[in-house]
Amino acid sequence: MIADARRFETGTTHEFDICIVGGGAAGISLALGLEGRGKRVAVLESGGFGYDGPTQELYEGEVSGDPYPPLRDTRMAGLGGSTAVWAGWCRPLDPLDFAARTWVPAGGWPFGLDELLPHYQEAHGVLGLGPYDYDAERWALRSGLAPLPLPGGEFPAALFQVSPVHFGTTYRETLERSRTIHVLLHAIALRLHVGASGDVIESASAAALGGTRVEVRAKTFVLAAGGIENPRLLLLSGDSPERSPGNARGRVGRCFTEHAFLYPGHFVPEGRGVEMDFYFPWRGAEMPPSSFVRGGFALSPEVQQREALLNIAVTFRPAYEAHPVFASGGVQAMLELWEKARGRGIPGGTVTHAKRVLRSPGAAAVALWRRLTIHGRRAGRWPLKLLAECESRPENRVVLSSRRDAFDRPLPRVEWRLGDLDVRSMRQACARFESSVRTAGLGRIEWGIRGETDAWRAAVVPAKHHMGTTRMHVDPAQGVVDQDCRVHGLHNLYLTGSSVFPTVGYANPTLTVVALARRLAVRLRDLS
């Protein structure tokens, strides 16, 4: 069932077996994995069925360090969470991403790819993807589309499956009909309450904008509210941040990690015979109608190990974007408006973006003309896009700021800076990719980034993937949750979602988020 917490009577207590905080991909995947298991499950979702301005304002916050988007524009309140606006790119983490790498001080995951494999396969069904198969050569043979033949094995072909499923609409009817899942909309989790023994969570306080306040009691609590709100709720749940649940070793909020997007230049083919269809949306016979496949390249594990680099993929943008106007502020604002109009961006800020567009009418006209007239998969220049792993570093973190929200709670502050390893990995990957393209005789790379480290830092666009802030580690001194995603020192509090990632690879996180949620569902099914 789905209920509106604004209609509850203030001061009431609601009891469940399991309480999940967050109704996005992680929370809904977990709840559905518990369906039919005889447990009464609550899902507390801060928003409603769609965008609501006052609720979205609860996602405000501060940022410091390297340039970062306003926090309200990096996540979405409402049933389905940020799946309401995501692009749908999916890929599992690579085996090396799970491993302890000597050149990455943060260490690896407490298990390998094999542990998540059955849950990745299940997650494919949840996300409406095709078969669990990421072998680019098999897909190329089946489709007749060939990747560019780069020699030496340094950049093998990589495959992404894409399915922009909106969990709030896709699973709304299932949730409404459920007799054991109780979705409470407009129920903003304010605080967790630790029992007198100090090792259990007894209840959670929740409220709706407008005044309704309730208590939720459960045998088990799971935070599935994302890489910023998960640590924030923990930090808000103690007498001080230092005394908050799970923070005995000061790890809550640390190791905030992002993916870095970078548009470093253009691939210029030699002649007109280079086929690029493999790198743009296509659908195999096994794919559901709403999903498709895209190809790219990835830095090989051998090169990563030999050169002590992070994991990085290279993809291509459409040829019509290979013009300087697409880097201008006015055109970027126009593209933001377009993304919002087609439901791929957080609503709001329309007037500000429109003013930026109107200040550059000529650039906007050129961009629109190119978008309408340049088609096909053969062109003279193709913009490059890097999807880069960033190192999980303790100094990058989420803390509580001095600003307050509508409930007088401190808003979060994200402190994030690229590290030297991040920048070195991107620069060396680009140099090696250029060498591979030249050796293959396919063409050349025209670089758009000039200068040393600072220029590369300035060119990075954060992917808005919030990860690592309640990282998983068997040692309480190194992580917030153990290998089963249970918070160290607490018997009945679990976390799920990208906040538990110890390291992040380059793959978009949602497929792994869903797989982890389904893995946790298996563990929670047997709890008494």
Side-chain angles (χ1 to χ4, degrees), residues 25 82-83 85-98 113 116-117 119-148 150 155-166 258-263 267 275-301 310-318 321 339 344 377 382-390 429 433 461 463-465 467 498 501 504-515:
S82 295
T83 65
V85 295
W86 74 314
W89 286 51
C90 293
R91 178 180 170 83
L93 295 175
D94 294 335
L96 188 60
D97 296 332
F98 290 92
L113 175 61
L116 272 191
L117 186 57
H119 308 294
Y120 271 136
Q121 293 168 339
E122 189 178 4
H124 261 235
V126 175
L127 286 160
L129 298 166
Y132 184 79
D133 181 3
Y134 288 86
D135 187 302
E137 292 185 3
R138 279 200 297 267
W139 280 95
L141 287 173
R142 289 198 297 259
S143 66
L145 303 177
L148 297 177
L150 296 186
F155 280 92
L159 197 86
F160 298 85
Q161 295 195 38
V162 183
S163 177
V165 57
H166 182 341
E258 259 288 5
H259 286 130
F261 289 170
L262 190 71
Y263 304 88
F267 166 54
E275 296 282 351
M276 300 292 288
D277 293 304
F278 182 78
Y279 303 101
F280 293 91
W282 49 277
R283 183 172 292 113
E286 311 91 335
M287 302 292 291
S290 60
S291 62
F292 54 89
V293 176
R294 293 188 68 152
F297 298 98
L299 192 63
S300 73
L310 297 169
N311 205 354
I312 289 177
V314 181
T315 62
F316 297 95
R317 298 291 299 164
E321 293 187 10
E339 291 297 293
R344 297 291 172 80
R377 298 292 185 248
W382 297 91
L384 298 173
K385 180 179 179 179
L386 259 63
L387 289 64
E389 175 185 14
C390 292
F433 185 72
V461 178
K464 306 175 188 177
H465 299 161
M467 302 170 286
S498 56
F501 288 16
V504 303
Y506 68 78
N508 304 65
T510 304
L511 179 62
T512 302
V513 165
V514 174

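Positions are given from 1 along the sequence.
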- Query: Taking all atoms of both residues into account, what is the closest heavy-atom pair of Trp86 and Val165, and its distance?
  - Reply: NE1-O, 2.9 Å
- Task: Could you please spell out the steps behind the side chain to side chain contact (heavy atoms under 4.5 Å, CB included) verdict for Asp133 and Arg138?
- Result: CA-CA 9 Å; Asp133 181 3; Arg138 279 200 297 267; 2.9 Å; yes
- Task: Determine yes or no for a side-chain-to-main-chain donor-acceptor pair under 3.5 angstrom, with Gln161 supplying the side chain and Val293 the backbone.
- Result: no
- Message: Parallel, tilted or perpendicular, judged at 30° and 60°: which one describes the rings of Tyr279 and Phe316?
- Response: perpendicular
- For Asp97 and Glu389, the nearest pair of non-hydrogen atoms, with its separation, is OD1-OE1, 4.4 Å
- With rounding to the nearest 0.5 Å, note down the distance linking SG in Cys390 to CD1 in Ile312. 8.5 Å
- Side-chain heavy-atom pair Tyr263, Glu321 within 4.5 angstrom cut-off: no
- Message: Side chains of Leu93 and Leu116, heavy atoms from C-beta outward: is any pair under 4.5 Å?
- Response: no
- Message: Quick one: does any side-chain atom of Tyr132 pair with a main-chain N or O of Ala123 as donor and acceptor, under 3.5 Å?
- Response: no
- Are the side chain of His259 and the backbone N or O of Gly505 linked by a donor-acceptor pair below 3.5 Å? yes
Solution key, residues 285-292 side-chain donor-acceptor pairs under 3.5 Å, sequence neighbours excluded:
| unit_1 | atom_1 | unit_2 | atom_2 | d |
| --- | --- | --- | --- | --- |
| Glu286 | OE2 | Arg142 | NE | 3.0 |
| Ser291 | OG | Pro288 | O | 3.2 |

- Task: May I ask you to test the Leu148-Phe267 pair for a side-chain heavy-atom distance under 4.5 Å?
- Result: yes
- For the ring-ring contact (aromatic ring centres under 6.0 Å, His included) test, which of Phe160, Tyr506, Phe261 pairs with Trp89? Phe160
- Query: Got Leu159 and Phe278 here, is their nearest side-chain heavy-atom distance under 4.5 Å?
  - Reply: yes
- Task: Compare all side-chain heavy atoms of Trp139 with those of Pro131 and state whether any distance is below 4.5 angstrom.
- Result: yes
- How are the rings of Tyr134 and His124 set to each other: parallel, tilted or perpendicular (split at 30° and 60°)? perpendicular
- Given side chain to side chain contact (heavy atoms under 4.5 Å, CB included), test Trp382 with Arg317 step by step and report yes or no. CA-CA 6 Å; Trp382 297 91; Arg317 298 291 299 164; over 6 Å; no
- Item | Any Leu386 side-chain heavy atom under 4.5 Å of Phe433 side chain | no
- Item | Distance-minimising heavy-atom pair for Leu129 and Ser163 | CD2-CB, 3.4 Å
- Message: Nearest 0.5 Å, please: how far is CG in Leu113 from CG in Leu96?
- Response: 11.5 Å
- Message: What verdict does the side chain to side chain contact (heavy atoms under 4.5 Å, CB included) test give for Thr510 and Leu127, after you've listed the backbone C-alpha separation in whole Å, the side-chain angles of each residue and the deciding distance to 0.1 Å?
- Response: CA-CA 9 Å; Thr510 304; Leu127 286 160; 4.2 Å; yes
- Message: Using every non-hydrogen atom in the two residues, find where Glu275 and Asp277 come nearest and quote the distance to one decimal.
- Response: OE1-OD2, 3.3 Å
- Query: Shortest non-hydrogen contact from Asp94 to Arg91?
  - Reply: OD1-NH2, 3.3 Å
- Taking all non-hydrogen atoms of both residues, which atom of Val162 and which atom of Ala87 are closest, and how far apart? CG1-O, 3.4 Å
- Message: Please check: side-chain N/O of Trp282 versus main-chain N/O of Gly295, any donor-acceptor pairing under 3.5 Å?
- Response: no
